[in-house]
Protein chains: 2
Amino acid sequence: METTGFERHDHGACIRDGVSAVDARCRELGLQFTPVRRRVLELLLEGHRALGAYDILDRLREEGLGSQPPVAYRALDFLVKHGFAHKIERLNAFVACACPGESHMPAFLICRQCDKVAEAEADMRDGRLGESAAAVGFRIERAVVEAEGLCPSCQGAAA
Amino acid sequence: METTGFERHDHGACIRDGVSAVDARCRELGLQFTPVRRRVLELLLEGHRALGAYDILDRLREEGLGSQPPVAYRALDFLVKHGFAHKIERLNAFVACACPGESHMPAFLICRQCDKVAEAEADMRDGRLGESAAAVGFRIERAVVEAEGLCPSCQGAAA
DNA sequence: TCGTGAATTGTGATAATATAACAGAGGGCG
DNA sequence: CGCCCTCTGTTATATTATCACAATTCACGA
Ligand SMILES: [Zn+2]
Ligand SMILES: [Zn+2]
Ligand SMILES: [Zn+2]
Ligand SMILES: [Zn+2]
């Protein structure tokens, strides 16, 4: 999987493809892709941005799909648990996975200006951190990697 | 700086040195290393473990050093802002910096069993993430890198 | 030494994020 | 139908973090 999210792309297709990929995957795995779950995924796909659980909840409320925190959190838990979305710890917020289906150790590039989030691949078991860990005998199982900075277009705007 | 925290070491010295390093650094920079701030740093140094703000606050309360959340948060903000401690986003908790004074891009190895935290160095601008970021023109300014897994002694215990 | 402004602390209130607990709805299947 | 299982609705509560403002302490120069 390559970094994406900062590049121009057909975003309508991006949403449709994201939803239908997850739909297919749920069928495969016998998971229930219910209306709330589908809608939450759509909301996350809308902007390549991280959304807080309460942002999601507000939208659901407007649409009559649920009004209490557990509704949003349950849908998000489902999506995260099955790898269809990720939590950005730094922001206490969530993004749709850019490549649902493949299991991976995601890394994120977060623009501090426009809040867009791109997903990259960076298995931490390779590289310097992996070496340091191996050196002390630490076994890495999962990793939170969240890089913050300026995306290309915000660098342009700043100049 | 090397990973530390999982290896045996003279921990009394570890605390003393940590505190006096910060003390010296504050003198250099003209910062006020007040009793609350000092005590919070000592608490963080106590276990090479991440402590939540309210854990800290409980200890402060017992000791009559303050009883409301802002007291703990302000001390933690001070320590984090000046690089004497770090926040572990994954845990909403804080650890003392293993090498106060040097500015760095820290990475953490977090044992999911015993909750110990070791600090490693892993500048994300190198390596695969750096390449991915460069490829899309993203400029990394800071990074949260938190690897979770099993420390050497917990691997031993599990077997 | 004393006055002055800035930094720090005390305190009550509240915001933002997240979970617990349990009752109800719905569907597949004997 | 009756049972089991998953998902949903709802109330309440836990956990993490910040705001606002008054009181105090500190650094620093007059
Ligand atoms: Zn898109
Ligand atoms: Zn941007
Ligand atoms: Zn130590
Ligand atoms: Zn351990």
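Numbered from 1 within each chain, the chains take letters A, B, ... in sequence-line order.
Here the shortest heavy-atom pairing between B:Gly83 and B:Cys97 reads O-CB, 3.4 Å. The two residues B:Met105 and B:Ala143 come nearest to each other via the heavy atoms SD-N, 3.9 Å. Of all heavy-atom pairs spanning B:Leu65 and B:Val36, the tightest one is O-CG2, 4.0 Å. Annotation for B:Phe78 and B:Gln32: closest pair CZ-O, 3.9 Å, computed over non-hydrogen atoms.
The separation between A:Leu91 atom CG and D:dT16 atom P is 18 Å, rounded to whole Å. The distance between atom CD of A:Gln32 and atom C1' of D:dC4, rounded to the nearest whole Å, is 13 Å. One can place CD of B:Glu89 at 12 Å from P of C:dA18, the figure rounded to the nearest angstrom. Here C:dT9 presents its P atom at 17 Å from CZ of B:Arg61, a figure rounded to the nearest Å. In this structure, B:Phe33 places its CZ atom 13 Å from P of C:dT8, rounding to the nearest Å. Taking atom CG of residue A:Leu31 and atom P of nucleotide D:dT6, one finds them 12 Å apart after rounding to whole Å. Rounding to whole angstrom units, CZ of residue A:Phe78 and P of D:dC7 are separated by 7 Å. Distance, A:Arg74 CZ to C:dA25 C1': 13 Å, rounded to whole Å.
If B:Ala75 and A:Phe94 are placed on DNA chain C by their nearest nucleotide, the residue sitting closer to the 5' end is B:Ala75.
Taking only side-chain nitrogens and oxygens, A:Arg37 comes nearer than 4.0 Å to OP1 or OP2 of D:dC7. The side chain of A:Asn92 places no N or O atom within less than 4.0 Å of a non-bridging phosphate oxygen (OP1 or OP2) of C:dA16. The side chain of B:Tyr73 contributes an N or O atom lying less than 4.0 Å from OP1 or OP2 of D:dA17. Between B:Lys87 and the phosphate of D:dA17, there is a side-chain N or O to OP1/OP2 separation shorter than 4.0 Å.
Partners of B:Asp126 according to the side-chain hydrogen bond (donor to acceptor under 3.5 Å, both in side chains) rule, which considers only residues two or more places apart in sequence or in another chain, are A:Arg128.
The side chain of B:Thr34 sits closest to C:dT9 out of D:dA17, C:dA7, C:dT9.
Not a single donor-acceptor pair, N or O on each side, falls under 3.5 Å between the base of C:dA15 and the side chain of A:Tyr54.
For residues 62-71 of chain A, proximity to DNA chain C is found at A:Pro69, A:Pro70, defined as any non-hydrogen atom under 4.0 angstrom from a strand atom.
The aromatic rings of B:His104 and B:His86 sit tilted relative to each other, their planes meeting at an angle between 30° and 60°. Ring-plane geometry between B:His11 and B:His9 is classed as perpendicular, the angle between the planes exceeding 60 degrees on a 0 to 90 degree scale with a lower cut at 30.
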